[in-house]
Amino acid sequence: MAAGSKTGNKLERKYLAHFIDASFGAESTAYVRLGKDLESYTIEMNPDSESTKNILGETSTIVKGYEPQGSVETYYAREGDALYTQLDKIINERLTGSELETTVVDVTMDSSGTVVEAWREEAIIIPTSKGGDTGGVQIPFEVHYNGNRTKGMFDIETKKFTEAQAGGE
């Protein structure tokens, strides 16, 4: 919990932000915030766990790891949007492998909008379709988190991630 925050205050969803680097490995990052047109985004942790029961009737559970992923079900193509440009390129050129790799940053803010913490992680972005109804061109996609999580801070205005120093924040 952030220093100075009140116990029991429900944190509004807008204070958990998700950014995708639309540069997909270019020299300078171009983080785009998810959320426009999205009513929900959840990172499903998909734990790899195993439970066993011993002869005493006790159950123990071991968590071996996680395979986190999220689905962006409503993503409208918008002219000039860097993420749309990259998703469209992936679809049109049928890109695969390392061409789908980028980074994502998940940012937690307090109720005043001040960044409390940020985590950057490698990810694979996989568009699942292109088209949609009369509401506009949609390109829904999946985000597969691939590890190498790094804690740091994120400047919401400049969209720059700064890695935390070893042994400190």
Side-chain angles (χ1 to χ4, degrees), residues 1-25 29 31-75 83 86-87 90-91 94-111 113-130 138-154 156 159 161-169:
M1 185 177 308
S5 65
K6 298 174 186 167
T7 302
N9 284 350
K10 182 172 78 172
L11 191 62
E12 294 178 51
R13 181 60 177 89
K14 67 183 178 182
Y15 296 121
L16 175 58
H18 308 281
F19 293 85
I20 295 177
D21 180 6
S23 78
F24 281 69
T29 58
Y31 284 105
V32 174
R33 185 173 182 175
L34 293 180
K36 196 164 198 72
D37 303 313
L38 264 181
E39 292 180 16
S40 176
Y41 180 76
T42 301
I43 301 169
E44 299 294 339
M45 296 305 296
N46 300 315
D48 179 8
S49 61
E50 184 178 295
S51 294
T52 56
K53 188 177 274 192
N54 64 25
I55 62 172
L56 300 174
E58 302 165 334
T59 301
S60 65
T61 302
I62 298 170
V63 178
K64 299 175 185 178
Y66 299 92
E67 292 183 21
Q69 72 180 62
S71 290
V72 177
E73 297 299 322
T74 307
Y75 180 82
L83 185 55
Q86 188 62 35
L87 292 170
I90 291 169
I91 289 172
R94 306 297 196 255
L95 300 179
T96 60
S98 63
E99 295 172 307
L100 305 178
E101 295 175 355
T102 191
T103 59
V104 296
V105 176
D106 296 316
V107 178
T108 304
M109 296 171 269
D110 64 19
S111 59
T114 301
V115 173
V116 176
E117 68 178 2
W119 289 89
R120 181 181 62 201
E121 186 167 357
E122 293 175 5
I124 300 275
I125 307 300
I126 305 171
T128 57
S129 66
K130 180 180 179 181
Q138 292 189 44
I139 304 178
F141 60 93
E142 297 174 354
V143 179
H144 294 265
Y145 295 77
N146 283 345
N148 292 324
R149 282 175 65 81
T150 305
K151 187 175 183 177
M153 291 304 287
F154 191 80
I156 298 292
K159 296 182 176 75
F161 178 84
T162 306
E163 191 171 328
Q165 300 299 315
E169 296 281 325

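In this text the structure is predicted, and so the values were computed from the model without any measurement.
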Is any side-chain heavy atom of Phe19 less than 4.5 Å from a side-chain heavy atom of Ile156?
yes
Measure from the side-chain N and O atoms of Thr103 to the backbone N and O of Arg120, and report whether any donor-acceptor pair falls under 3.5 Å.
no
Residues two or more places apart in sequence or in another chain: which of them pass ring pair (Phe, Tyr, Trp, His ring centres under 6.0 Å) with His18?
Tyr41
Flag side-chain contact, heavy atom, 4.5 Å: Val143 against Ile43
no
Test side chain to side chain contact (heavy atoms under 4.5 Å, CB included) applied to Ile126 and His144, step by step
CA-CA 8 Å; Ile126 305 171; His144 294 265; 3.5 Å; yes
Thr29 vs Lys159, side chain to side chain contact (heavy atoms under 4.5 Å, CB included): CA-CA, chis, key distance, verdict:
CA-CA 9 Å; Thr29 58; Lys159 296 182 176 75; over 6 Å; no
Under 3.5 Å: donor-acceptor pair, side chain of Thr128, backbone of Pro140
yes
Close aromatic pair by centroid cut-off 6.0 Å: Phe154 and Tyr31
yes
Rounded to the nearest 0.5 Å, the CD atom of Gln86 sits from the CD atom of Glu99 at a distance of 9.0 Å
Rounded distance [0.5 Å steps], NZ in Lys14 versus CZ in Arg33
9.5 Å
Is the backbone of Gly147 close enough, under 3.5 Å, to the side chain of Glu121 for a donor and an acceptor to pair up by distance?
yes
Which value, rounded to the nearest 0.5 Å, describes the distance between Lys64 atom NZ and Asp48 atom CG?
5.5 Å
What distance separates Ile139 CD1 from Ile125 CD1, expressed to the nearest 0.5 Å?
12.5 Å
Taking CD1 in Ile55 as the centre, count heavy atoms belonging to other residues, nucleotides or ligands within less than 6.0 Å. Is the count above 12?
no
Under the criterion side chain to side chain contact (heavy atoms under 4.5 Å, CB included), which of Ile91, Leu100, Ile20 is the partner of Phe141?
Ile20
Taking every heavy atom of Thr61 against every heavy atom of Ser51, the minimum-distance pair comes out as OG1-OG, 2.9 Å
Roughly how far, to the nearest 0.5 Å, is the NZ atom of Lys53 from the CD atom of Glu58?
10.5 Å
To the nearest 0.5 Å, atom OH of Tyr15 lies from atom NZ of Lys10 at 12.5 Å
Restricting to side-chain hydrogen bond (donor to acceptor under 3.5 Å, both in side chains), what partner residues turn up for Thr52, sequence neighbours left out?
Ser60
